[in-house]
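Data block below; observations after.
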Number of protein chains: 2
Amino acid sequence: MASERLSQLDKALLGLRSLILSGHFDLNQRLPEVAVAKHLGTSRTPLRQAMDRLVAEGLLERIETGGCRVATFSKEDIADAIEFRGVVEGTAARMAAQRGGNPGLMAEARATLDRIDQALDPSQEIDFDRYVHENAKFHALLTRLAGSPLIEREVARMSRLPLASPSAFLSDQAMIPNFQDSLRFAQRQHRAILEAIAERDGARAEAMTREHARLALTNFNYITTHQPKLANPVPGLALVASE
Amino acid sequence: MASERLSQLDKALLGLRSLILSGHFDLNQRLPEVAVAKHLGTSRTPLRQAMDRLVAEGLLERIETGGCRVATFSKEDIADAIEFRGVVEGTAARMAAQRGGNPGLMAEARATLDRIDQALDPSQEIDFDRYVHENAKFHALLTRLAGSPLIEREVARMSRLPLASPSAFLSDQAMIPNFQDSLRFAQRQHRAILEAIAERDGARAEAMTREHARLALTNFNYITTHQPKLANPVPGLALVASE
DNA sequence: TGATGCGCAGTTGTATACAAGGTTTATCTT
DNA sequence: AAGATAAACCTTGTATACAACTGCGCATCA
């Protein structure tokens, strides 16, 4: 299959999002459309479409007088985003439990958790990349288990917010003390969530999923208070008001 | 103050949304940009911006080959949207309770509920318009009480979905049996929610707010099963697959 | 010297032109 | 007559031209 040629809009969208998250733009200053368009190698039309979408995503905010600027986030904003992602994922888990998870998806979820167990096998070194990959897959499956296109869409939306994704703090978790314990703890939560769904215990599934999201909050608090040297800085961290 | 002249984009957005919700377009058929643009009295550029936003809102969906068509919703979709709106509003209520509602907003909310009581005064005819207006205001205040811009934005987003807004089924509730009872019941829930927030009982505030949203579900089920003749059809009903 | 008004440059919002691709119709062949 | 192929038309995606507006700087006046 020949490589999909991506549209100008996708090029602008991916490029602009990455520029924003990497902190390429001055905060509190309007992005000049012509310059950015030239930088991305496209024209203003697809760029403005991309900007519209990023405004909807919350990464940009409109200026009353015209144009956009990069949005900044307070620590409270990030905490709320993480908490809210937990709420939405929790709703997915509850719905999955109430509606009885699709057997095929349930089997796939169990297999995914088995693979995470292997990645965390105490008898050898942790396979970090594999953990990250399978963790993302588990969360995606959890969302689909709800059987609601709306819920799936909304979880995806929330996960696009900076620092709110289930994988946001995994990129450099090696810098966090006891991160191996943290990953194993997370995996026990994964098991509990899936067990609750299998037993159709909606309340437990929802509560556990919310609690699981709070791990990200812990990581965020650690990073902002200790400000460790990060080899691969968490994308979006540049947008958090240091204050 | 001179009347704000609205931009071409706003004109296109409002006009297109209203055309869609009123069922003006054939479902399963692509909207022709030029024709719609001419109909709305604008050019293709702002119209396409509006279409982008309505895709993000979920009212339109993209066609693989290009362009958009009107989205249709199953009954399950609508039920999920209502339930999810309850979840998000419930989160707002819980946050308000946990964080201690801003006193000014709390006072305003109480005053709004007093006005709803007046609108429902049993000694005279129900002031329906006033109820609708103050009900919307109460829900807006509830959202702001959370003290989180993110939550406020997300509730607003959900309320824009067809049939998911707290006011969606009020437009013609007179057609629903015992609607006066229903309104009084809703008002008691309003009181309970505010009381829970005042007492910082987050769990109760959240549960009550979710339950409150389910009233809309009842109305929706009634309308879809009994299909009463509606004087002012609920906007968006045309998009629900009759099946 | 400070403040106010005017003008210019640069920016965004909107319209339109153009090109690539899809859809339909008509014609030709079997 | 039916199916396939080709051509013309229409539609969208993209670039660009244009106009209105904002913001800044400079000059002028009090």
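Order of the sequence lines sets the chain letters (A, B, ...), proteins ahead of strands, with each chain counted from 1.
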(request) Evaluate side-chain hydrogen bond (donor to acceptor under 3.5 Å, both in side chains) for B:His139 paired with B:His212, printing each intermediate quantity in order. (result) CA-CA 11 Å; B:His139 281 265; B:His212 183 58; 3.3 Å; yes
Report the distance from atom [atom1] of [X] to atom [atom2] of [N], rounded to the nearest whole Å.
X       : N      : atom1 : atom2 : result
A:Arg69 : D:dG23 : CZ    : P     : 11 Å
B:Leu6  : C:dT14 : CG    : C1'   : 14 Å
A:Gln29 : D:dC24 : CD    : P     : 11 Å
B:Ile63 : C:dG21 : CD1   : P     : 18 Å
B:Gln8  : D:dA19 : CD    : C1'   : 13 Å
A:Gln49 : C:dT14 : CD    : P     : 15 Å
B:Leu40 : C:dA15 : CG    : C1'   : 15 Å
B:Glu64 : D:dT11 : CD    : C1'   : 16 Å

(message) Using modelled atom types and a 3.5 Å cut-off, is there a donor and acceptor pairing between side-chain atoms of A:Lys75 and backbone atoms of A:Thr224?
(response) no
(request) Taking atom CZ of B:Arg144 as the centre, report whether more than 12 heavy atoms of other residues, nucleotides or ligands fall under 6.0 Å from it. (result) no
Could I get a table of every N or O pair under 3.5 Å where one atom is in the protein and the other is in nucleotides 8-12 of chain C?
from   : atom 1 : to      : atom 2 : distance (Å)
C:dT12 : OP1    : A:Leu31 : O      : 2.9
C:dT12 : OP1    : A:Glu33 : N      : 3.3
C:dT12 : OP2    : A:Glu33 : N      : 3.3

(message) Is there a side-chain hydrogen bond (donor to acceptor under 3.5 Å, both in side chains) between B:Gln8 and B:Thr42? Walk through the geometry before answering.
(response) CA-CA 7 Å; B:Gln8 295 299 99; B:Thr42 180; 3.3 Å; yes
(request) Please report the C-alpha distance between A:Glu89 and A:Arg85 in whole Å, then the side-chain angles of each, then the deciding distance to 0.1 Å, and finally whether the salt bridge (charged side-chain N to carboxylate O under 4.0 Å, His left out) criterion is met. (result) CA-CA 6 Å; A:Glu89 278 191 326; A:Arg85 192 251 299 168; 3.2 Å; yes
(message) Counting only side-chain nitrogens and oxygens, does B:Thr45 get under 4.0 Å of the OP1 or OP2 atom of C:dT14?
(response) no
(message) Please report the interatomic distance CZ(A:Phe220) to CD1(A:Ile82), rounded to the nearest 0.5 Å.
(response) 6.5 Å
